[in-house]
Amino acid sequence: MSIIVVLFIQITPPAYAAVDPYLARYLRLKEPIALEVDEQGTTREFSLEEISQGKVLFENNCLNCHVGGATLPDPQTSLALNKLSGANPPRDNVNNLVAFLRQPMTYDGSEETYWCRQVPESWMTQEEIESLAAFVLTAAQKAKGWGTESF
């Protein structure tokens with residue numbers, strides 16, 4: 001009696017190994033995405049790997065308070081795009097969201113807030129925090145229901 005063993009091995013190209021499947025399934029990303037980095041409308045392209053890294057950072061550091069883009073301690077100020085753009089200053093571009101993460105302020109920008117943890121450069125590098133901001137902004141733009149009650 002002979003036994004034949006057939007192995008199927010899926011080979012993943014190294015460039016795609018670090019890409020989280022969530023990006024394709026829920027954010028519908030298949031290629032890099034251009035995001036606004038400042039209030040003048042300057043854009044920067046973020047790779048799928050950078051967005052994936054941002055998702056991991058979000059899961060590891062923000063998910064306790066921001067499930068599905070909601071803000072559990074303050075449901076009125078979610079991570080929905082309209083809420084990010086309505087903040088003072090607006091948090092709907094990479095630089096302003098990074099500035100908020102480095103020094104969290106209340107929604108109206110009048111004072112420091114302790115609802116969100118301050119993220120110093122000793123904790124996350126500039127590259128990492130930009131990837132985190134890119135993930136949040138991409139999710140706010142593309143994930144159906146992100147930051148709303150219907151997520």
Side-chain angles (χ1 to χ4, degrees), residues 10-110 112-121 123-151:
Q10 180 179 1
I11 299 176
T12 304
Y16 299 107
V19 176
D20 192 298
Y22 177 93
L23 273 60
R25 183 170 184 183
Y26 297 105
L27 303 185
R28 295 178 178 81
L29 293 181
K30 296 179 182 168
E31 55 191 38
I33 184 170
L35 295 170
E36 285 190 14
V37 292
D38 58 31
E39 292 175 345
Q40 289 71 41
T42 307
T43 60
R44 177 182 151 208
E45 200 167 84
F46 285 85
S47 70
L48 297 178
E49 290 81 8
E50 288 173 304
I51 303 291
S52 291
Q53 178 188 29
K55 179 181 177 284
V56 170
L57 290 166
F58 182 85
E59 288 173 336
N60 291 339
N61 299 287
C62 309
L63 198 57
N64 286 338
C65 294
H66 296 289
V67 177
T71 301
L72 300 179
D74 184 5
Q76 300 302 313
T77 57
S78 73
L79 300 179
L81 196 56
N82 67 328
K83 294 294 186 175
L84 292 170
S85 63
N88 184 28
R91 299 169 189 159
D92 60 349
N93 66 64
V94 173
N95 290 348
N96 284 3
L97 188 52
V98 166
F100 170 79
L101 293 168
R102 294 285 191 215
Q103 183 59 61
M105 301 294 286
T106 56
Y107 190 71
D108 66 3
S110 64
E112 290 182 23
T113 183
Y114 299 100
W115 284 108
C116 195
R117 292 183 289 177
Q118 184 178 33
V119 182
E121 190 135 353
W123 178 12
M124 276 187 213
T125 66
Q126 189 66 20
E127 178 182 286
E128 289 172 326
I129 202 165
E130 287 176 2
S131 292
L132 172 61
F135 168 73
V136 170
L137 292 170
T138 302
Q141 290 174 12
K142 298 194 171 278
K144 184 179 180 182
W146 176 264
T148 67
E149 292 179 14
S150 62
F151 186 76

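What's counted below: heavy atoms across the whole structure, side chains too, no hydrogens, waters or symmetry copies.
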Check: Out of curiosity, N93 CG to R44 CZ, how far, rounded to the nearest 0.5 Å?
Finding: 13.0 Å
Margin query: Just to verify, what does E121 make a salt bridge (Lys or Arg N to Asp or Glu O under 4.0 Å) with, not counting sequence neighbours?
Written below: R102
Considering all heavy atoms, the nearest [X]-[Y] contact:
{"X": "K142", "Y": "L27", "value": "CD-O, 3.2 Å"}
{"X": "T138", "Y": "I51", "value": "OG1-CD1, 3.7 Å"}
{"X": "S78", "Y": "G147", "value": "OG-O, 2.8 Å"}
{"X": "L72", "Y": "P75", "value": "O-CD, 3.7 Å"}

[X] side chain to [Y] backbone, donor-acceptor under 3.5 Å:
{"X": "N88", "Y": "G109", "value": "no"}
{"X": "W146", "Y": "Q141", "value": "no"}
{"X": "S52", "Y": "D20", "value": "yes"}
{"X": "S85", "Y": "D92", "value": "no"}

Within-4.5 Å side-chain heavy-atom neighbours: [X] and [Y]:
{"X": "E39", "Y": "N96", "result": "yes"}
{"X": "L84", "Y": "F100", "result": "no"}
{"X": "Q76", "Y": "Y107", "result": "no"}
{"X": "V94", "Y": "F46", "result": "yes"}
{"X": "C62", "Y": "V136", "result": "no"}

Item checked: Qualifying residues under side-chain hydrogen bond (donor to acceptor under 3.5 Å, both in side chains), relative to E59, sequence neighbours excluded ->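 side-chain hydrogen bond (donor to acceptor under 3.5 Å, both in side chains) list for E59, sorted by chain: K55.
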Check: Between E130 and Q126, is any side-chain donor less than 3.5 angstrom from a side-chain acceptor?
Finding: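 Yes, side-chain donor-acceptor contact under 3.5 Å.
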Check: Should we say atom CH2 of W115 is surrounded by more than 12 heavy atoms from elsewhere, each under 6.0 Å from it?
Finding: no
Check: Does any pair with a residue in residues 70-85 pass salt bridge (charged side-chain N to carboxylate O under 4.0 Å, His left out), and if so which ones, sequence neighbours excluded?
Finding: none
